[in-house]
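All values below were derived from every heavy atom in this structure, side-chain atoms included, with hydrogens, water molecules and symmetry-related copies excluded. Just so you know, residue 1 is the first one in the sequence shown, and it goes up from there.
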Amino acid sequence: MTLNPVRAYRRWRRAQEEALDEAHMLRRRHGEAALDAARAKLSREDLSSWGRRVLQETVKVLEKA
């Protein structure tokens with residue numbers, strides 16, 4: 001299997017954008033408790049691998065803020 005670096009970059013960039021959107025939504029909905037809400041969502045077992053990846057990035061974004 002050959003890896004396409006352009007495709008990998010686009011996937012990474014899309015995950016970053018979705019994480020920022022999720023972080024904004026959580027901040028609007030939960031305010032100061034947004035980080036706790038993101039961690040609670042991340043602990044769910046019914047997440048897809050993509051959803052887990054986005055939420056992991058969301059937690060990183062919220063920790064920096």
Under the side-chain contact (heavy atoms from CB on, under 4.5 Å) criterion, do E18 and R13 qualify, and how do the steps go? CA-CA 9 Å; E18 287 189 22; R13 189 68 205 135; over 6 Å; no

Approximate separation, where rounding is to 0.5 Å, of L20 CG and T58 OG1: 8.0 Å

Determine whether L62 and M25 fall in the same hydrophobic cluster, where Ile, Leu, Val, Met, Phe, Trp and Tyr are linked whenever their side-chain heavy atoms lie under 4.5 Å apart. yes

According to a hydrophobic-cluster definition based on side-chain heavy atoms being under 4.5 Å apart (Ile, Leu, Val, Met, Phe, Trp, Tyr only), do V61 and L35 belong together? no

Is any side-chain N of the basic residue among [X] and [Y] closer than 4.0 Å to the acidic one's carboxylate O?
X: E45; Y: R52; value: no
X: E57; Y: R53; value: no
X: E22; Y: K41; value: yes

Taking the side chain as everything from C-beta on, heavy atoms only, tell me whether R39 gets closer than 4.5 Å to L55. no

Just wondering, do V59 and E63 contact through their side chains at under 4.5 Å, heavy atoms? yes

Stepwise, does the side-chain contact (heavy atoms from CB on, under 4.5 Å) test hold for R11 with W50? CA-CA 10 Å; R11 193 175 303 124; W50 179 256; 3.7 Å; yes

